[in-house]
Protein chains: 2
Amino acid sequence: MQRNTRQRAAILETLSRQEDFRSAQQIHEQMRSDGETVGLATVYRNLQALSRSGRLDVLVAGDGESLYRQCEDTGHHHHLVCRECGRTVEFLAPKLEASMTAIAQEHGFTEVDHTLEVFGLCTEHAAQSAAEDEGGTR
Amino acid sequence: MQRNTRQRAAILETLSRQEDFRSAQQIHEQMRSDGETVGLATVYRNLQALSRSGRLDVLVAGDGESLYRQCEDTGHHHHLVCRECGRTVEFLAPKLEASMTAIAQEHGFTEVDHTLEVFGLCTEHAAQSAAEDEGGTR
DNA sequence: GTACGTGCAAAACATTTGCAAAATT
DNA sequence: AATTTTGCAAATGTTTTGCACGTAC
């Protein structure tokens, strides 16, 4: 099981050229405009399979849409994502992991797992967005 | 704006009798079986309004479904949720907040916000589930 | 040659929305 | 009486699925 199809290769290739988290539809669209012929269902099926096997990171956006990204760190890590441009920074937080394990233990919980995603504005979009919020420059 | 309708009151009442996180559909179903007559759209609209005003906590499940719950702590806090029964423990983690702010700052991110949810097995479901995973007792 | 993967269109979901009728203030 | 809320059904948007066909092995 798990064959090397042209589509699977193309999806992986597209992902490797991708910086930020992208939805299945965005990835599909990207591929189409790159001249690839792939069905949307195939993109969905492969993204799912790839994330299941840990080769892809999944992030559930606030509206429930799933976003995918090929991360550099293959182990457990978290993301700092820019709300404006999707720019992503991976980070580790061992202390954080430890305190979460401790809290879980205090309450008798086992087999603990967690999701942590941090959203903010990267350097490039911080000032700009603040200005917009005020309705323009002073 | 914001009138006191029978439906809104019923929704709040139903939520107050609720221990765990529930989806809009589950809440609607619950109300129907309690004899309330409410439209599903009304439940959605009210849950949304209530969470917007901070009277309700929202949790986006892994599959993108939104789950609601009336929490005791009205401020910022996190959840430790049992994967089996949905049992929820609220907790604060100031150290964690601090280190996340620090990490964001290191990377120049501002207006930082984060989502953190911890999933595990509560005391009641820990052993049982472990046995199931092995396909029975040794 | 056979089993797995693909493509398409239809189905399945959760959620949102338009609009007329009903209820609140 | 004015205006918000409701209820229903239809619309929306994402993801899944059934099934015939194509393809990797």
Side-chain angles (χ1 to χ4, degrees), chain A residues 1-15 18 20-70 81 86 115 117, chain B residues 1-15 18 20-53 55-69 81 86 115 117:
Chain A
M1 57 156 131
Q2 204 75 325
R3 297 179 175 178
N4 293 337
T5 64
R6 166 179 59 76
Q7 292 87 336
R8 172 178 296 263
I11 289 169
L12 278 168
E13 199 274 332
T14 302
L15 282 164
Q18 211 57 62
D20 316 323
F21 276 94
R22 286 282 135 83
S23 71
Q25 314 238 18
Q26 287 178 314
I27 292 163
H28 178 245
E29 203 176 330
Q30 168 84 71
M31 296 181 73
R32 292 299 260 243
S33 73
D34 285 356
E36 302 282 356
T37 51
V38 209
L40 178 57
T42 301
V43 174
Y44 271 105
R45 281 190 277 237
N46 277 290
L47 288 175
Q48 232 173 257
L50 288 165
S51 68
R52 229 183 289 119
S53 68
R55 299 181 60 184
L56 237 50
D57 267 38
V58 196
L59 196 76
V60 178
D63 62 344
E65 201 180 18
S66 291
L67 306 177
Y68 302 84
R69 181 178 190 260
Q70 208 170 36
V81 185
T115 57
E117 303 301 341
Chain B
M1 57 157 131
Q2 204 76 324
R3 294 180 175 178
N4 292 337
T5 65
R6 167 179 58 77
Q7 292 87 336
R8 171 177 298 261
I11 289 169
L12 278 168
E13 199 275 331
T14 301
L15 283 164
Q18 210 58 60
D20 316 323
F21 276 94
R22 286 281 135 82
S23 70
Q25 314 240 18
Q26 288 178 313
I27 292 163
H28 178 245
E29 204 175 328
Q30 167 84 71
M31 296 182 72
R32 293 298 263 240
S33 72
D34 284 357
E36 302 281 355
T37 50
V38 208
L40 179 57
T42 302
V43 174
Y44 271 105
R45 280 189 278 237
N46 277 291
L47 288 176
Q48 231 172 259
L50 288 165
S51 68
R52 229 183 289 119
S53 68
R55 300 180 60 182
L56 237 51
D57 267 36
V58 196
L59 197 78
V60 178
D63 62 344
E65 202 179 18
S66 290
L67 306 177
Y68 301 85
R69 180 178 189 262
V81 185
T115 57
E117 304 300 341

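A note on names: the letters A, B, ... follow the listed sequences, proteins ahead of strands, and every chain is numbered from 1.
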Please report, rounded to the nearest Å, how far the [atom2] atom of [N] is from the [atom1] atom of [X].
{"X": "B:Leu47", "N": "D:dT5", "atom1": "CG", "atom2": "P", "value": "15 Å"}
{"X": "A:Asp63", "N": "C:dA14", "atom1": "CG", "atom2": "C1'", "value": "12 Å"}
{"X": "B:His28", "N": "C:dT16", "atom1": "NE2", "atom2": "P", "value": "15 Å"}
{"X": "B:Gln26", "N": "C:dC13", "atom1": "CD", "atom2": "P", "value": "15 Å"}

**Message:** Contact between A:Asp20 and A:Arg69 at the side-chain level, heavy atoms closer than 4.5 Å - yes or no?
**Reply:**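 A side-chain contact under 4.5 Å is absent here.
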**Asked** Would you say the side chain of A:Leu12 lies within less than 4.5 Å of the side chain of A:Arg55, judging by non-hydrogen atoms?
**Response**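 With C-beta onward as the side chain, the pair touches.
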Which atoms of nucleotides 12-15 of chain D (N or O only) lie under 3.5 Å from a protein N or O atom, and what are those distances?
unit_1	atom_1	unit_2	atom_2	d
D:dT14	O5'	A:Gln25	NE2	3.4
D:dT15	OP1	A:Ser66	N	2.9
D:dT15	OP2	A:Tyr44	OH	2.5

**Asked** In a check of side-chain contact (heavy atoms from CB on, under 4.5 Å) between B:Leu47 and each of B:Val58, B:Thr42, B:Leu56, which one passes?
**Response**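 By the side-chain contact (heavy atoms from CB on, under 4.5 Å) criterion, B:Leu47 pairs with just one of B:Val58, B:Thr42, B:Leu56: B:Leu56.
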**Message:** According to side chain to side chain donor-acceptor pair (under 3.5 Å), who are the partners of A:Arg22, at least two apart in sequence or on a separate chain?
**Reply:**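 For A:Arg22 there are no side chain to side chain donor-acceptor pair (under 3.5 Å) partners, ignoring immediate neighbours.
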**Message:** Suppose we screen for side chain to side chain donor-acceptor pair (under 3.5 Å). Which residues come up paired with B:Arg32, at least two apart in sequence or across chains?
**Reply:**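 Scan of B:Arg32 (side chain to side chain donor-acceptor pair (under 3.5 Å), adjacent residues dropped) gives B:His28.
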**Message:** At 4.0 Å (heavy atoms only), tell me whether B:Asn46 reaches a base, stays on the sugar-phosphate, or touches nothing.
**Reply:**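 Here B:Asn46 touches the backbone only, sparing every base.
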Quick one: which protein N/O atoms are closer than 3.5 Å to N/O atoms of nucleotides 22-25 of chain D? Pair and distance per line, please.
unit_1	atom_1	unit_2	atom_2	d
D:dA24	N3	A:Arg3	NH1	3.1
D:dC25	OP1	A:Asn4	N	3.4

**Item:** Base-contact (B) and sugar-phosphate-only (S) positions in nucleotides 17-22 of chain C, heavy-atom cut-off under 4.0 Å, - elsewhere
**Value:** BB----
**Prompt:** Through what angle, rounded to 10 degrees, does the axis of the helix from C:dG1-D:dC25 to C:dT25-D:dA1 turn between its ends, using five pairs per end?
**Reply:**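 For the helix from C:dG1-D:dC25 to C:dT25-D:dA1, the axes at opposite ends meet at about 30°.
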